[in-house]
**Student:** 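The structure that follows is given in the form of structure tokens.
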Amino acid sequence: MRQESPINFLAVPDSWKKQWSEEMDQQIPRQADCEYIVVGSGAGGGTVAARLAQAGRSVILLEAGGDPRVLRGSDPVEPHRNRLPLDYDVPAFHAFASENDAIRWDFFVRHYASDDQQKRDRKYVEKFNGNDVDGVLYPRAGTLGGCTAHNAQILIYPHDEDWQDIAKVTRDPSWEPEKMRAYFERLENCHHRPLLRWLAKAGLNPSRHGWKGWLHTEAAIPKAAMMDDRKLFDTLAKCAHDYLETEGDRFFKRLRWMLKSRGDPNDWRLVTKNATGARYTPLTTRNHTRMGTRERVLETARVYRNFRVKLNALATRVLFDENKRAIGVEYLHGENLYRASAKPSEHPGELRRLYASKEVILAGGAFNSPQLLMLSGIGPRDILEAVKIKILVDLPGVGMNLQDRYEVGVVTRMDCPAWGVYKNVKFTTEDPQYRQWSICRSGVYATNGAVLSVFRRSPVAEGNVPDLFCMALLTNFQGYRPNYTQSFPKDLNCLTWVVLKAHTRNCAGRVTLRSNDPRETPKIDFHYFEQGGDKDLDAMVDGIQFVRKIMADQKGAKEECPRAEQDTPEKLKEFVRNNAWGHHASCTCAIE
């Protein structure tokens, strides 16, 4: 018997409703396997699947990778040794997780259509592992938890104006700030505001943090370690002093915000004011160990029998009935089947199908969700015809509108052999910092390496929200390239200010297909700075000049990137064009 209430996966005009192939008709099952199929176990998919299961729905979650705490894999620091679950668990090892060969997916993306401009980026790679890649590394994670398995664990809540803009664009009042904050309170289990946690028990919650949610948050700064490291303490104190001097007549407003929030960027009293200023970075850790959707999924699956998780399941196509309604998913079962994997399998995988009686939910991210739609016959006609895919729906927006933030690193080498907190550091289980984390869950390994953050509003920002996020890291970080973490145990005396431009104006990026082979990665072209580029470049230059000011007069320190001679706005714009990167891709399946 066919499903009684399949979801109308895409609202399409009657003129498009032609008879689908006989092959599809024959695939309609007599009985569904579940109510909901969710493709992708990352921050979106893993969370929605768990919520549906808790609501009593029958759910199957498909994940193309395996469990990062069960797999075995190495990274560039110890290429011949298993580094899991170490790379996953230890907060300070998040960069090594992004290069662990058991969980990483390597996408090589184009920033520019111009080959000449593309190759000015030192991160550009023509060949990798014997393959023509022609792009810049864009790390993703193919594992349970998706990119929450390798991210920097930072949790920053949006400003109210961000939510209000979405509500206006969608004409949907459920996006309004007050309502979205209620969801955040249900999500979070805050452990970095202990006094307010006690007040919340008495019914007082001025910060509007969540105290009983599934996602634990903790403070990132190792206060005791910083106090022991005089050099680090003095450097941060000097940065903070110089930052306050740059604020001029805004000093007292920043001071009020700081006193009210204690440096917490997610305090409701700050986000309602679209506040700027210096903050610490809360982490999504539990007992100072990485926590993400992997934990959410597995803990839910242990309790709810209506929730099944299928690993090593690479979705290849959405299945539709004759009315163009999604009724299931076709997938390949097997390890490392996707060619973005560090060690892609030569085995073709076992073809399987699953059917849902209600909805098919695609949560594969900005690259893989549009790829799966196009493989299923939904997308721009010219792209589908070029790779010989039968068109179900000619939908030009699929894969378009690709967006990202722009980032650059301002790297300073200090006049010491290593930060005190990094004494004898090897980023392995053999150093004292690991033992401190392992036994006490404290010290520098209980952090993600970020020691200070500043929210700033550039002169070209639109609206009232800050558009620059400047974060100080205890490392030399200039973007992603193969084996980029090899230098981390060597550059122990560097401070990098990562300047991140939010609210970018460029929507010209696109994801398209290389072929109709679902194991092949898509073509990803960001088309940097093609839209609103002048203003975005102005904002980035403002950020670089800002962090240069607060690093000025650091005794014995030397800026290594950009070079000192890059001292004019024009030269800094050229630096940004040649070196910018991103890792927050979004918007290829836009809400309409």
**Student:** Determine yes or no for a side-chain-to-main-chain donor-acceptor pair under 3.5 angstrom, with Asn131 supplying the side chain and Val133 the backbone.
**Tutor:**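 No.
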**Student:** Donor-acceptor check, side chain of Asn82 to backbone of Gly73, threshold 3.5 angstrom: yes or no?
**Tutor:**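 It does hold such a pair.
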**Student:** Tyr138 and ring pair (Phe, Tyr, Trp, His ring centres under 6.0 Å): which single residue from Phe367, Phe108, Phe107 fits?
**Tutor:**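 That would be Phe367; it is the only one of Phe367, Phe108, Phe107 passing the ring pair (Phe, Tyr, Trp, His ring centres under 6.0 Å) with Tyr138.
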**Student:** How long is the straight-line distance from CZ of Arg290 back to OG1 of Thr285, given to the nearest 0.5 Å?
**Tutor:** 10.0 Å
**Student:** Got a sec, which pairs hit salt bridge (charged side-chain N to carboxylate O under 4.0 Å, His left out) with one end in residues 491-500, sequence neighbours left out?
**Tutor:** Arg413-Asp491
**Student:** Would you call the rings of Tyr112 and Tyr528 parallel, tilted or perpendicular, where under 30° means parallel and over 60° means perpendicular?
**Tutor:**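 Ring orientation of Tyr112 relative to Tyr528: perpendicular.
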**Student:** Test your reading of the model: is there a side-chain donor-acceptor pair from Thr284 to the backbone of Gln153, 3.5 Å cut-off?
**Tutor:**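 Yes; at least one donor-acceptor contact below 3.5 Å.
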**Student:** Taking all heavy atoms of Val398 and all of Met374, pick out the closest pair and write down the distance.
**Tutor:** CG1-CG, 3.9 Å
**Student:** Could you check Asp75 against Asp101 for side-chain contact (heavy atoms from CB on, under 4.5 Å), going step by step and ending with a plain yes or no?
**Tutor:** CA-CA 6 Å; Asp75 63 38; Asp101 59 22; over 6 Å; no
**Student:** Could you tell me the separation between the CD1 atom of Ile391 and the CD1 atom of Ile378, rounded to the nearest 0.5 Å?
**Tutor:** 11.5 Å
**Student:** Mark yes or no for whether Glu385, through its side chain, and Asp382, through its backbone, hold a donor-acceptor pair below 3.5 Å.
**Tutor:**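 No; zero donor-acceptor contacts below 3.5 Å.
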**Student:** Ignoring hydrogens and geometry, is there a side-chain-to-backbone donor-acceptor pair from Arg519 to Arg339 under 3.5 Å?
**Tutor:**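 Not a single qualifying donor-acceptor pair exists.
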**Student:** Given side chains that start at C-beta, do those of Val329 and Leu372 come closer than 4.5 Å, heavy atoms only?
**Tutor:**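 The answer is no, as the side chains (C-beta and beyond) never meet within the 4.5 Å cut-off.
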**Student:** Tell me, do Cys589 and Pro370 make a side-chain contact under 4.5 Å, heavy atoms counted?
**Tutor:** yes
**Student:** Do you know which two heavy atoms are closest between Tyr480 and Leu137, and how far apart they sit?
**Tutor:**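 Tyr480 and Leu137 have their closest heavy atoms at CB-O, 3.6 Å.
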**Student:** Any sub-3.5 Å donor-acceptor pair from Asn401's side-chain atoms to Cys587's backbone N or O?
**Tutor:** yes
**Student:** Output yes when Arg308 and Asp33 qualify as a salt bridge under the 4.0 Å nitrogen-oxygen rule, no when they do not.
**Tutor:**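 Asp33 and Arg308: not salt-bridged.
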**Student:** Using side-chain heavy atoms (C-beta onward) and a distance below 4.5 Å, is Leu513 in contact with Gln371?
**Tutor:** yes
**Student:** Are the side chains of Ser345 and Glu335 in touch, meaning some heavy atoms are under 4.5 Å apart?
**Tutor:**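 Side-chain contact under 4.5 Å: no.
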**Student:** Set out, in order, the CA-CA distance, both residues' side-chain angles and the distance that settles salt bridge (charged side-chain N to carboxylate O under 4.0 Å, His left out) for Arg405 and Glu407, then state yes or no.
**Tutor:** CA-CA 7 Å; Arg405 294 158 173 168; Glu407 301 180 49; over 6 Å; no
**Student:** Considering only heavy atoms from C-beta outward, does the side chain of Thr447 approach that of Pro91 to under 4.5 Å?
**Tutor:**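 Side chain of Thr447 against side chain of Pro91, heavy atoms only: no contact under 4.5 Å found.
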**Student:** Identify whether the distance between the nearest side-chain nitrogen and carboxylate oxygen of Asp121 and Lys123 falls below 4.0 Å.
**Tutor:**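 Looking at Lys123 together with Asp121, the answer is yes, because their closest N to O distance falls below 4.0 Å.
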**Student:** Using atom types as modelled and distance alone, determine if a side-chain donor or acceptor of Thr504 lies under 3.5 Å from a backbone N or O of Asn506.
**Tutor:** no
**Student:** Would you mind reporting whether Leu395 and Leu373 have side-chain heavy atoms less than 4.5 Å apart?
**Tutor:**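 In short, these two side chains do not touch, never coming nearer than 4.5 Å.
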**Student:** Return yes when atom CZ of Arg122 has more than 12 non-hydrogen atoms of other residues, nucleotides or ligands closer than 6.0 Å, and no otherwise.
**Tutor:**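 Counting other residues, nucleotides and ligands, CZ of Arg122 stays at 12 neighbours or fewer.
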**Student:** Can you give me the closest heavy-atom contact between Val297 and Phe307, atom names plus distance?
**Tutor:**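 Closest approach of Val297 to Phe307: O-CE2, 3.7 Å.
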**Student:** Between Leu84 and Arg72, does a side-chain contact (heavy atoms from CB on, under 4.5 Å) hold up when you go through it step by step?
**Tutor:** CA-CA 6 Å; Leu84 291 173; Arg72 296 178 62 84; 6.0 Å; no
**Student:** Check for a donor-acceptor pair, side chain of Thr588 on one end and backbone N or O of Leu402 on the other, with a separation under 3.5 Å.
**Tutor:** no
**Student:** Step by step, would you call Glu299 with Arg286 a salt bridge (charged side-chain N to carboxylate O under 4.0 Å, His left out)?
**Tutor:** CA-CA 14 Å; Glu299 289 168 10; Arg286 181 167 57 189; 2.7 Å; yes
**Student:** Could you walk me through whether Leu354 and Lys310 pass side-chain contact (heavy atoms from CB on, under 4.5 Å), step by step?
**Tutor:** CA-CA 11 Å; Leu354 289 170; Lys310 292 188 178 293; 3.9 Å; yes
**Student:** Is the shortest side-chain N to carboxylate O distance from Asp431 to Lys426 below 4.0 Å?
**Tutor:** no
**Student:** Quick one: are Cys147 and Arg140 in side-chain contact, heavy atoms under 4.5 Å?
**Tutor:**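 Yes - at least one pair of side-chain heavy atoms lies under 4.5 Å apart.
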**Student:** Which heavy atom of Lys501 sits nearest to which heavy atom of Met540, and what is that distance?
**Tutor:** CB-SD, 3.3 Å
**Student:** Under a 3.5 Å threshold, yes or no: a donor from one side chain and an acceptor from the other, between Gln117 and Asn578?
**Tutor:**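 The criterion, which ignores hydrogens and geometry beyond distance, is satisfied for Asn578 and Gln117.
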**Student:** Under the side-chain contact (heavy atoms from CB on, under 4.5 Å) rule, what do His94 and Asn151 come out as? Steps first, then yes or no, please.
**Tutor:** CA-CA 6 Å; His94 61 88; Asn151 67 9; over 6 Å; no
**Student:** Mind listing the closest non-hydrogen atom pair of Gly509 and His527 along with its distance?
**Tutor:** CA-CD2, 4.3 Å
**Student:** Among Phe427, Tyr445, Tyr88, whose ring pair (Phe, Tyr, Trp, His ring centres under 6.0 Å) with Phe96 holds?
**Tutor:**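 Of the listed options, the one satisfying the test is Phe427.
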**Student:** Which value, rounded to the nearest 0.5 Å, describes the distance between Leu572 atom CG and Asp567 atom CG?
**Tutor:** 7.5 Å
**Student:** Measuring from Leu311:CG to His333:NE2, what's the distance to the nearest 0.5 Å?
**Tutor:**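 Answer rounded to 0.5 Å: 9.0 Å.
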**Student:** Taking CZ in Arg510 as the centre, count heavy atoms belonging to other residues, nucleotides or ligands within less than 6.0 Å. Is the count above 12?
**Tutor:**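 No.
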**Student:** Nearest 0.5 angstrom please: Leu144 CG to Arg296 CZ, how far?
**Tutor:**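 Atom-to-atom, Leu144:CG and Arg296:CZ are 13.5 Å apart.
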**Student:** Distance-only, no hydrogens or angles: does the Ser369 side chain make a donor-acceptor pair with backbone N or O of Gly364 under 3.5 Å?
**Tutor:** yes
**Student:** For a 4.5 angstrom cut-off between non-hydrogen side-chain atoms, does Leu495 reach Leu474?
**Tutor:** yes
**Student:** Can you measure from OH (Tyr338) to OG1 (Thr521) and round to the nearest 0.5 angstrom?
**Tutor:**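 So the gap between those two atoms works out to 5.5 Å.
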**Student:** May I ask you to say whether Lys523 pairs ionically with Asp525, meaning some side-chain N is under 4.0 Å from a carboxylate O?
**Tutor:** no
**Student:** Where the side chain of Asn476 meets the backbone of Cys494, is there a donor-acceptor pair that is under 3.5 Å apart?
**Tutor:**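 Flag not set: sc Asn476 to bb Cys494 has no pair under 3.5 Å.
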**Student:** Determine the sole option in Phe477, Tyr484, Phe526 for which the ring pair (Phe, Tyr, Trp, His ring centres under 6.0 Å) test with Trp581 is passed.
**Tutor:** Phe477
**Student:** May I ask you to check whether Glu99 and Thr485 show a side-chain donor-acceptor distance below 3.5 Å?
**Tutor:** yes
**Student:** Without hydrogens or angle criteria, can the side chains of Thr289 and Arg441 be said to hold a donor-acceptor pair below 3.5 Å?
**Tutor:**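 Present: a donor and an acceptor within the cut-off.
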**Student:** Less than 4.0 angstrom from a charged side-chain N to a carboxylate O is my criterion; do Arg110 and Asp115 meet it?
**Tutor:** yes
**Student:** For Arg577 and Leu537, which heavy atoms make the closest approach, and how far apart are they?
**Tutor:**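 That would be NH2-CD1, 3.4 Å.
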